[in-house]
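Supplied in structure tokens, the structure appears directly below.
All values below were derived from every heavy atom in this structure, side-chain atoms included, with hydrogens, water molecules and symmetry-related copies excluded. Bear in mind that the values here come from a model prediction, so they are computed numbers and not experimental data. Just follow the structure's listing: the first ligand is 1, and inside any ligand the first atom is 1.
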Amino acid sequence: MTPANEPSFRDSVDIMFNRAVALMDLPPGLEEKIRVCNATYTVRFGVRLRGQIQTFTGYRSVHSEHMEPVKGGIRFSLGVNQDEVEALAALMTYKCALVEAPFGGSKGGLCVDPRAYDEHELELITRRFAYELIKRDMINPAQNVPAPDMGTGEREMSWIADQYKRMNTTDINGVACVTGKPTHAGGIQGRTEATGRGVQYALHAFFRDKDGMKKAGFESGLDGKRVVVQGLGNVGYHAAKFLSEEDGCKIVAIIERDGALYDENGLDVEAVRDWIAKHDGVATYPNAKHEPDGAKLLEADCDILIPAALEGVIHLDNAKGVKARLVIEAANGPVTAGADEILRNKGVVIIPDMYANAGGVTVSYFEWVKNLSHIRFGRMQRRQEETRHQLVVDELERLSADSGIGWELSPNFKEKYLRGAGELELVRSGLDDTMQTAYQSMANVWHGRDDNIDLRTASYLVAIEKVAASYRAKGL
Ligand code: GLU
């Protein structure tokens, strides 16, 4: 939650937008058109639970329809409100533009504590919310395609897809009305890990950028970097897991709702995740030190800070204390506009949310395309690719034998080369390519100007230019 003495989340996003747009030469009318949120629908509905009717409030906000469908998750949390949903919808517009996912921006939210209900009750609530949105075309494969966000996941997305199909029995593309579904219900492999995987790919891109590294004061790559992760939900968990298991990072602290765990030698991410699942928190975890005031660890000595939970967690009161040289915003809006200025002045580099957590919507895009094409990626090519590779291997082995050289291909090479790409490999490769291309477009602006702008402003400049071009093409 954004602290009371600071601009609201929505205002914070606008402040950042305005900072970038001031450097552009857009007609004032167009600038305003891009900034404003097109529409926000509020719905109140009742569900009979435990013998009485309970009323819930939900929102679906559409920020920009310069491309359709519009896209963005649905959040279940007691903190949901119109300002938050509108801020998140605006970020979706810029995020999709930056990574070239052909969508406008939208976001939804339901004021509910999902932990207070059992599975059956949650299904009733979710289906009823979906019903309200579907009947107004606010869930529709051609117009508005939700996805998971905080408090929702595969399970909720499959209820939503099923609800849409019940109400639109002849829509052959019905399953594309929502993404983030389980694979047995039209989902795509790699969607659950996608946002965390995207954070990892974003860091790979950053640590390939010598100028960017210099601006953050890094001389060496990711290996051995000390990382603090705030929030071990889906995004934080996958990011921490991949960075520690594959890139040699040390996760020195994990901040959760009931305090933080810390260990200079690096925490076992998998073990902490299992502990949280069984004990509903980290406080009793036996293999690390525990700090009840978890937020203190945002100011811990580390190289990289990954806020992966709520908005507004780095604010005017704690920004000065942040010691990381690199902050990567795995969550949406974790740094307030005021904190952003403090960090910038300290020389901290921030990899902004609109880029850092775009892995989720990128793989959602792949899922939507898969649903519309009604065929799994790789199904037509995989065996053909393997057969052609086998031809090359056979020929190399024949040449080696016939010439008497006696070279042998290593089994490791053969195994890797012969295996055609399945859906997961294709998804990861598409995601990696997306993250690299988007990084390059931001970095060109970041390093290519002489007014010393920050990476967030660069990302806004790229995104706004794309949205503007799309409006211009429509004659606006
Ligand atoms: N909720 C995610 C986000 O904030 C994913 C949205 C999507 O996949 O459409 O980006």
Tell me whether the NZ or CZ atom of R35 lies within the 45° cone about the ring axis of F17 and under 6.0 Å from its centre.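 Not flagged: R35 not positioned over aromatic ring of F17.
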
Y131 atom OH, neighbour heavy-atom count above 12 within 6.0 Å: no

Tell me if the aromatic rings of F207 and F218 count as close, with their centers under 6.0 Å from one another. yes

Mind telling me whether W368 and F103 have parallel, tilted or perpendicular rings, with 30° and 60° as the class edges?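 Ring orientation, 0 to 90° scale: perpendicular.
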
I'd like to know if D14 pairs up with R10 as an ion pair, taking the criterion as any Lys NZ or Arg NE/NH1/NH2 lying under 4.0 Å from an Asp or Glu carboxylate oxygen.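 A salt bridge links D14 with R10.
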
Please list, by chain and number, the protein residues whose heavy atoms come under 4.0 Å of ligand 1. K71, G72, G73, M92, K95, K107, A147, P148, D149, R191, N332, G360, V361, S364

I would like to know whether R191 and S364 meet side chain to side chain donor-acceptor pair (under 3.5 Å); could you show each step before the answer? CA-CA 7 Å; R191 174 62 185 86; S364 275; 2.9 Å; yes

